[in-house]
Amino acid sequence: MHISVIGTGYVGLVTGACFAEFGVDVTCMDRDETRIATLEKGKVPFFEPGLAELVTKNFQAGRLKFTTDLHKAVDDALVIFIAVGTPPQPDGSADLSFVDEVARNVGTRMTGYKVVVTKSTVPVGTAKRIRELIKSNQSQECSFGVVSNPEFLREGSAIEDFMRPNRVVIGADSPEAVAIMKDLYRPLYLLETPIVITDVPTAEVIKYASNVFLATKISFINEMANLCEKVGADVQMVSKGMGLDKRIGNKFLHAGPGFGGSCFGKDTAALINIGEKSGYSMTIAQATKQVNDQQRNRMVDKIVDAVGDLKGKTIGMLGLSFKPNTDDIRDSPALGIAEQLMKAGCTVRAYDPEALTESMKVLPKLVPCRDAYHTVEGVDAVVLVTEWNQFRNLDLDQIKSKAKAPIFIDLRNVYDPPRMQQQGFYYVSVGRKTVGTRPA
Ligand code: UDX
């Protein structure tokens with residue numbers, strides 16, 4: 001089978017490379033010529049473990065091709081995946097202009113049966129809109145299927161998530177389209193991956209419901225953390241005690257500075273917007289967003305409580321990406337916090353294993369550092385924001401001797417409070433008791 005994937009961003013490229021690995025002929029299309037030229041050289045323009053190898057291998061095997069020609073991508077394929085960006089607009093709704101453009105082009109170019117699949121996270125009703133756009137732009141009448149096949153890839157483990165998903169969701173408007181999609185995902189059938197086959201709007205809702213539910217779990221535990229701080233409880237143990245109940249599960253109950261990344265914030269805002277447009281107020285999604293927005297400010301308050309007036313202070317920030325194992329800084333809590341600190345007159349020394357260069361483009365006043373130990377030189381406090389492995393086992397004696405004051409603010413609860421107290425730190429974490437003596 002030959003498929004095309006339109007858009008070589010994160011989702012598009014992982015989808016294209018993984019289907020090629022399944023033995024499918026894949027054409028990846030992007031209108032960005034530089035990006036396509038880079039990909040043809042086997043270079044992936046972002047950091048995702050294993051992806052560059054997969055792209056190179058399948059490109060060399062001739063199963064993965066790249067083009068900037070949308071018409072060619074449409075002509076070649078039986079199945080066309082739309083994986084273009086749907087950036088949020090100021091009101092939280094998704095900007096669908098790229099999706100619309102692809103749909104119009106597919107319509108103009110189509111000469112035989114095709115299945116058009118949305119992979120990007122799109123508002124409920126988008127597949128219907130695509131159907132109408134294709135139909136009204138068709139230069140010759142032919143039938144086609146429209147499918148919603150949402151992705152659930154996590155950055156940093158996207159290939160594993162694609163190859164061994166918990167489930168595949170296929171929302172289709174015809175039995176022909178279902179049959180073709182099932183054929184495409186056959187390698188996963190062999191692994192007994194559950195495939196949920198449903199109608200198009202249901203599949204579109206499943207995507208939002210899943211992501212916003214996970215975001216809600218995080219906001220819920222962050223709210224519990226804030227309560228724990230007030231009543232002297234320990235959120236790590238609360239999370240453990242809750243998570244052992246199989247109905248609740250232990251995942252996504254880690255308190256911290258709030259969720260970031262390209263999906264949760266955007267999808268929560270989009271769901272609120274979809275609710276408004278449909279005449280239903282999404283109260284839980286609104287609360288999830290509100291708690292998350294507040295959580296970042298609370299992290300800044302923690303820093304102020306520990307170091308006093310921020311003006312003229314220096315903070316050493318460990319981690320800038322929105323989570324470990326990615327260079328992605330979109331909606332990263334670390335950058336939001338760094339920005340607030342700098343606005344209040346702080347100098348922020350920072351290090352991240354992958355995201356430093358990108359972060360410097362957004363916050364050029366950050367002081368870039370070589371590693372964790374360089375970062376903490378002469379600082380009034382160390383703030384750990386992203387739990388990269390290399391920050392989990394720091395040489396604490398070295399940290400203490402290099403920093404000006406032994407204040408350690410751990411926004412990911414990586415360290416053990418009694419141990420940090422023993423090491424002589426004033427140690428602040430999230431939803432747990434602060435330990436040690438605050439330096440005068
Ligand atoms: C997420 C979804 O997991 C994925 O299914 C979807 O397709 C895209 O969005 P991703 O954004 O890559 O994936 O990262 P994820 O690992 O889910 O983490 C999202 C954010 O939540 C990060 O900022 C992370 O630090 C935070 N988080 C996660 C917590 O604060 N606590 C947790 O317990 C889990």
Side-chain angles (χ1 to χ4, degrees), residues 9-12 14-15 46-49 51 83 85-86 118-122 148-162 164-169 203-204 206-226 235-236 238-240 242-243 248-271 288-289 291-296 298-299 319-337 352 354-355 384-388 391 410-414 429-431:
Y10 194 80
V11 172
V14 172
T15 304
F46 46 82
F47 176 77
E48 177 62 34
L51 185 57
T86 53
T118 51
K119 203 72 185 152
S120 320
T121 307
V122 289
S148 162
N149 171 217
E151 56 83 21
F152 300 99
L153 309 175
R154 284 165 306 170
E155 293 189 18
S157 52
I159 293 170
E160 176 69 13
D161 286 350
F162 193 96
R164 294 180 201 286
N166 289 170
R167 79 306 204 184
V168 170
V169 176
E204 289 173 337
I206 289 173
K207 168 73 192 195
Y208 283 104
S210 305
N211 270 1
V212 177
F213 189 80
L214 291 171
T216 302
K217 262 187 122 174
I218 300 171
S219 277
F220 184 88
I221 201 66
N222 283 337
E223 196 157 63
M224 287 302 132
N226 300 339
V235 77
Q236 297 278 94
V238 170
S239 173
K240 188 168 181 196
M242 287 170 66
I248 298 173
N250 59 5
K251 302 270 168 30
F252 279 72
L253 284 182
H254 198 82
F259 56 77
S262 62
C263 289
F264 286 172
K266 187 177 106 171
D267 291 354
T268 307
L271 187 64
T288 295
K289 180 180 181 322
V291 169
N292 200 56
D293 293 345
Q294 283 166 5
Q295 195 67 2
R296 291 186 188 188
R298 288 185 68 90
M299 300 301 109
L320 295 165
S321 54
F322 81 97
K323 66 172 194 177
N325 300 323
T326 174
D327 63 355
D328 197 339
I329 52 166
R330 281 177 287 177
D331 200 21
S332 171
L335 291 197
I337 293 167
D352 186 284
E354 294 291 342
L384 195 166
V385 201
T386 313
E387 69 280 31
W388 285 88
F391 302 148
D410 177 0
L411 302 183
R412 296 286 181 172
N413 293 347
V414 167
S429 52
V430 181

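Both ligands and their constituent atoms are indexed starting at 1 by order of listing.
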With heavy atoms under 4.0 Å as the rule, classify the contact between [X] and ligand 1 as side chain, backbone, both or neither.
X	result
L153	backbone
L253	backbone
E151	both
E155	both

Q) Rounded to the nearest 0.5 Å, how far does OG of S321 lie from CH2 of W388? A) 5.0 Å

Q.
If I take atom CG from residue D327 and atom CG from residue L320, how far apart are they, to the nearest 0.5 angstrom?
A. 11.5 Å

Please check if the side chain of [X] supplies one atom and the backbone of [Y] the other of a donor-acceptor pair under 3.5 Å.
X	Y	result
K207	K119	no
R412	V385	yes
E155	D328	no

Q. More than 12 heavy atoms of other residues, nucleotides or ligands under 6.0 Å from NZ of K266: is that the case?
A. yes

(Q) How far is atom 10 (P) of ligand 1 from the closest protein heavy atom, and which atom is that? (A) K323 NZ, 3.8 Å

Q: Among all protein heavy atoms, pick the one closest to atom 3 (O) of ligand 1 and tell me residue, atom and distance.
A: R154 CG, 3.2 Å

Q) Given Y10 and E151, is the side chain to side chain contact (heavy atoms under 4.5 Å, CB included) satisfied, shown in steps? A) CA-CA 11 Å; Y10 194 80; E151 56 83 21; over 6 Å; no

Q | Criterion salt bridge (Lys or Arg N to Asp or Glu O under 4.0 Å) on K323 and E387, from CA distance to verdict | A | CA-CA 7 Å; K323 66 172 194 177; E387 69 280 31; over 6 Å; no

Q: From atom 31 (N) of ligand 1, work out which of H254, K266, R330 has a heavy atom at the shortest distance.
A: H254

Q.
Please compare F252, F264, F152 and report which has the shortest non-hydrogen distance to atom 2 (C) of ligand 1.
A. F264

(Q) If I apply the N/O under 3.5 Å rule, does I218 come out as touching ligand 1? (A) no

Q: Using a strict 4.0 Å cut-off to heavy atoms of K207, name the atoms of ligand 1 that fall inside it.
A: 7 (O)

Q | Which of the ligand 1 atoms, numbered from 1, are nearer than 4.0 Å to a heavy atom of C263 | A | 8 (C), 9 (O)

Contact with ligand 1 for [X], non-hydrogen, under 4.0 angstrom:
X	value
R412	yes
G260	yes
K217	no

(Q) Tell me whether the rings of F264 and F259 are parallel (<30°), tilted (30 to 60°) or perpendicular (>60°). (A) perpendicular

